[in-house]
Engineer: 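One structure, as structure tokens, below. Some questions next.
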Amino acid sequence: MDDNNRYIEIFFAETDEYLQTLNECLLELEKNPGDGNILDEIFRAAHTLKGMAATMGYNNMAELTHHMESVFELFRSGKSNVDSEIISLIFKCLDKLSEIVEDLREGNVLEYDLKDLIDALDKVASGQSNGQENTVVGLDLLGDDISDVDLMLIHSAYEKNYKAYSIKVELSKDCLLKGARAYMVINGLDQQGEIIQSDPSTEVLESGEFGNLFKLIYITKLEKKAVVDLVENNLEIESVHVEELNSYLEPGLTKEEKNTETDHDKKSEEKSASTGSQTSHSMNQYIRVDLNKLDSFMNLVSELVIYRTRLENVSKEEKASAINEPLEHVARITTELQDLVLKIRMQPVNVVLNRFPRMVRDLANELNKDIELIIEGEETELDRTVVSELSEPLVHLIRNAADHGIETAEVRESLGKPKKGLIKLSAYQEGNRVIITIQDDGKGLDPEVIKESAIRKGINVDGLGDREIIRLIFNQGFSTSKEVTNISGRGVGMDVVRQKIESLGGEIDVVSQVNKGTTFNIKLPLTLSIIQALMVEVGQEIFALPLGVIERVIKLDQEEIISTHGDEVYIYKNKAIPVIRVNEKLNLETGEGNKHIIIILLGDQYYGLIVDELVGQQEIVIKKLGSVLSSMKEYLGATILGNGDITLILDLSNLCSEGNEDEI
Amino acid sequence: MSNRVLIVDDAIFMRMKLKDILEKNGFEVVAEAQNGVEAVEKYNTERPDLVTMDITMPEMDGVAALKAIKQLDPSARVIMCSAMGQQSMVMDAIQAGALDFIVKPFDNDRVLQSLNKAIK
């Protein structure tokens with residue numbers, strides 16, 4: 001199967017997609033157990049997955065999917081009811097599949113013990129199929145609602161020595177082009193007789209938009225056995241039931257069945273109507289593009305912008321007014337290009353959010369709590385890089401909310417809260433930032449408890465307000481403390497969450513009220529590659545600082561810098577904050593200039609950066625430093641200015657944290 | 001034994017794969033063609049017992065090639081190879097006289113079933 005290696009990337013990407021679809025659809029299914037469209041979608045996804053895995057030679061994956069499919073088939077044919085136990089089992093299978101895929105992605109082809117899962121699936125499948133046999137025999141063959149016209153046809157057929165049969169054909173589960181297969185069956189029958197009715201209609205059959213079953217009424221001179229053979233002559237036929245229809249010629253025999261049949265039809269019509277929009281949604285067309293290609297596209301576009309600016313400068317200097325007009329067009333087009341490439345890189349956050357319903361469901365089951373998750377604004381878009389990094393911290397926050405935030409139903413009731421806990425996840429755009437909030441109505445954070453524990457840890461909490469005390473949970477010292485975790489319910493790895501968000505150029509804050517709930521606010525930049533920057537001069541050189549973290553810029557009065565034990569501090573908001581002389585950090589001569597101190601806020605710590613001169617604010621495109629220079633931790637990257645000069649962008653968290661270590 | 005097969009597919013990978021399946025199971029692949037035009041030519045010279053015909057191909061697609069072959073030899077046995085989503089093409093092909101169809105990605109058993117049925 002080595003030939004397949006070149007498809008492996010596509011295989012993984014598609015597999016991820018199908019697994020996600022399955023997860024989503026199962027959740028949907030749990031809410032609407034009878035929805036045929038969802039079942040069809042699940043079936044399709046599982047089926048395709050199986051086919052892909054088998055083609056790649058990943059047999060354990062294919063096998064597991066195959067057994068899952070059998071269960072789905074039972075759901076779909078209505079022979080088994082969807083209950084949450086079975087759903088949980090299938091979720092477990094999906095997890096296993098994800099696990100297998102992850103291992104494969106890392107190049108490990110391992111053996112898995114799938115026996116338990118497969119046995120459990122088989123148990124579900126076989127437990128139900130015993131009952132199934134009874135229902136199948138003859139009873140739901142077509143013929144219950146034969147129209148008068150058809151009855152007449154059948155009558156006259158019998159008069160002419162023809163026979164009428166009701167035929168129920170079940171295509172095999174892995175039949176791919178059902179429409180064409182059904183067409184072949186019908187085609188074969190048509191050569192020996194006439195099909196006077198079919199359910200679903202022949203149009204539907206030919207489109208392939210049906211389950212695996214179809215039923216026909218067929219008039220022919222052939223004997224029953226010959227009819228069966230005729231159908232079975234086709235491939236991909238699971239089973240054929242043929243029954244002569246003469247019994248149905250006696251009127252009034254199957255009144256009841258008639259009713260059930262029509263009821264059933266109505267239901268399925270409703271289903272298709274209600275979920276019509278969903279199907280069209282999944283019809284969206286996409287192509288996959290290597291992210292690196294997009295990155296270089298972006299780079300080229302930004303270079304274009306730079307040269308455009310240079311051209312504009314030249315045209316001004318040379319007073320070449322003739323090129324002004326075409327230059328304006330170039331300007332417009334490059335701006336549009338830039339917008340476009342940014343948009344292409346955007347991904348809706350639901351790429352990350354859509355796994356949470358499943359997660360919360362599992363957590364709620366596990367913790368025996370009643371939790372509802374509301375997701376708002378999942379269509380909000382963010383740069384692809386940000387989106388893919390966002391998952392981890394969000395998982396953490398939601399886990400915490402479910403685990404420690406939301407109380408058990410009994411506790412909630414005694415507090416007069418609704419039994420069902422609520423976690424609300426919303427995302428929206430605000431200017432060039434995206435705000436994501438995670439809100440729960442659980443027990444909240446108690447500042448008193450955090451304060452006590454902070455004091456025990458020797459953290460000075462004097463003069464801190466409640467909000468500031470709550471923010472202590474983002475501190476490193478808190479994360480490892482089991483104690484605080486158990487009492488306050490939070491704190492596990494919060495510093496990791498904070499670091500992650502900050503590394504994405506974002507910030508996180510928390511508001512909490514005891515017994516009312518906790519809200520985390522995350523602010524993220526729309527994109528990582530274009531940022532607003534403050535240009536400063538340090539020792540004859542120009543540097544760019546990301547504007548996002550800058551709190552304030554103050555003209556420096558040398559006397560305000562206070563020396564303590566060789567370190568320098570600056571008093572800001574009545575607090576001493578560390579001062580960092582950028583020129584010393586970068587080993588540059590200090591220039592003569594109008595010195596300013598730039599107050600930046602990283603997490604909850606202020607720092608003061610001393611620079612020689614302010615140049616101005618502008619939008620810059622971050623370009624990564626090549627691998628040769630990647631060890632230069634002081635810089636985030638570089639950017640090209642309008643005049644063609646290259647400017648380095650300072651990595652502030654790095655500059656400042658180094659300062660910290662020195663202090664220690 | 002009537003098991004001389006002509007494989008028509010524009011993708012080398014698919015031809016290799018099919019050929020592999022067929023040869024392991026006692027079929028003789030007498031020719032390969034990578035588009036409809038070639039398929040008709042090779043059919044004419046080789047007169048195979050069976051043709052596996054891809055649908056989507058450059059120059060001349062599988063359905064057109066099927067029709068051309070059927071004109072050359074009304075008793076030609078042709079099995080269509082289709083990808084998902086080519087339902088209507090498959091139906092056209094069956095109307096035009098294709099014996100059967102198999103769907104990519106190929107399931108070995110299914111391919112053999114179909115081929116064995118076709119040469120019966």
Engineer: Looking at chain A, which one of B:Gln113, B:Met89, B:Met91 has the largest number of heavy-atom pairs inside 4.5 Å, strictly under?
Structural biologist: B:Met91
Engineer: Within a reach of under 6.0 Å around CG of B:Leu72, are more than 12 heavy atoms found that belong to other residues, nucleotides or ligands?
Structural biologist: yes
Engineer: Please step through side-chain contact (heavy atoms from CB on, under 4.5 Å) for the pair B:Gln95 and A:Asn187, ending with a clear verdict.
Structural biologist: CA-CA 9 Å; B:Gln95 236 154 14; A:Asn187 217 20; 5.6 Å; no
Engineer: What distance separates A:Glu236 CD from B:Ile102 CD1, expressed to the nearest 0.5 Å?
Structural biologist: 10.0 Å
Engineer: Taking all heavy atoms of A:Ala180 and all of B:Val90, pick out the closest pair and write down the distance.
Structural biologist: CB-CG1, 3.4 Å
Engineer: Select one option (side chain, backbone, both, neither) describing which atoms of B:Leu99 are under 4.5 Å from chain A's heavy atoms.
Structural biologist: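 Answer is backbone: N, CA, C or O of B:Leu99 sit under 4.5 Å from chain A.
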Engineer: Has B:Lys117 got a side-chain atom pairing as donor or acceptor with A:Asn233's backbone, closer than 3.5 angstrom?
Structural biologist: yes
